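Treat the numbers as computed from the prediction; the structure is a model and nothing was measured. Just follow the structure's listing: the first ligand is 1, and inside any ligand the first atom is 1.
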Amino acid sequence: VIGTEVTAVLWDIDGTLLTSGGVIARTFLEAVEVVSGSRPNLAGIDFGGRLDPEIASLLLASAGHDHTLVAEVLAHFEALVAARETAMLGHVMPLPGVLRLLSMLAELGVPQTVVTGNLRSVGMFKLRAAGLVPPIDPDVGGFGDSGNGHERATVAQFALDQLTGAGWRTTPQTCWIIGDTPRDLACAQALGLRCALVATGRHSLASLAELGADVVFPDLSEHEPALQKWLA
Ligand SMILES: [Mg+2]
């Protein structure tokens with residue numbers, strides 16, 4: 001029994017469910033370079049929790065190009081990932097405790113899907129490579145290219161609409177976003193959802209703890225006291 005009521009979980013992908021060891025991020029940079037002819041300048045850009053179309057726009061701007069090449073960059077990125085899936089498989093790994101927590105929630109009948117900035121094709125590759133489908137049901141999730149959203153909260157609303165359409169009860173107060181960045185929390189707050197943050201991405205536990213999330217976990221391992229309390 002979960003102490004805090006949880007009727008659905010919307011998982012972030014990168015830094016929360018899994019890591020792809022930077023190999024897919026480097027492919028994104030390669031796509032920008034191939035399409036624009038310029039090497040992006042990453043200095044000062046905080047990518048965490050942004051949508052991939054937004055990241056493409058920022059990378060293009062860093063190389064002196066405007067957003068008109070975004071669609072072409074994203075298409076090339078998807079093509080590169082698709083062509084390299086076999087080589088990339090071994091780089092994608094679930095983060096500590098993820099498999100166990102996913103199956104615990106599944107046993108409790110809690111629907112689980114994703115809210116991510118990843119393009120659907122790339123996010124699907126990562127989820128499958130990490131062995132997370134099922135229990136994750138990506139069909140009711142929100143991706144960086146879902147709907148016509150330009151921000152994370154729109155992607156989350158898209159996922160909520162899918163869940164509702166599938167007949168799940170998702171009152172905001174019992175639907176949780178689990179993520180690893182301030183943008184995951186901002187997204188949850190924009191829609192009145194609960195939020196758990198986990199410090200397995202680029203943000204430290206101390207920096208996440210200051211943000212006002214409902215709960216913060218160092219990681220999702222079974223011995224973490226905060227996780228035990230959340231599940232108690
Ligand atoms: Mg993340």
query = Short check: any N/O/S atom of D184 below 2.8 Å from the Mg ion (ligand 1)?
reply = no
task = Indicate whether any N or O donor in one side chain lies under 3.5 Å from an N or O acceptor in the other, for D161 and T164.
result = no
inquiry  = Looking only at N, O or S atoms, which one in D14 sits nearest to the Mg ion (ligand 1)?
reply    = O
inquiry  = Within rounding of 10°, what is the angle whose vertex is the Mg ion (ligand 1) and whose arms end at OD2 of D12 and OD1 of D180?
reply    = 80°
ask   = Between R202 and D46, is the closest basic N to carboxylate O distance under 4.0 Å?
value = no
request  = Would you mind checking if R183 and E54 are paired as a salt bridge, meaning a charged N to carboxylate O distance below 4.0 Å?
outcome  = no
inquiry  = With rounding to the nearest 0.5 angstrom, report the NE2 to CG distance, H203 to L211.
reply    = 8.5 Å
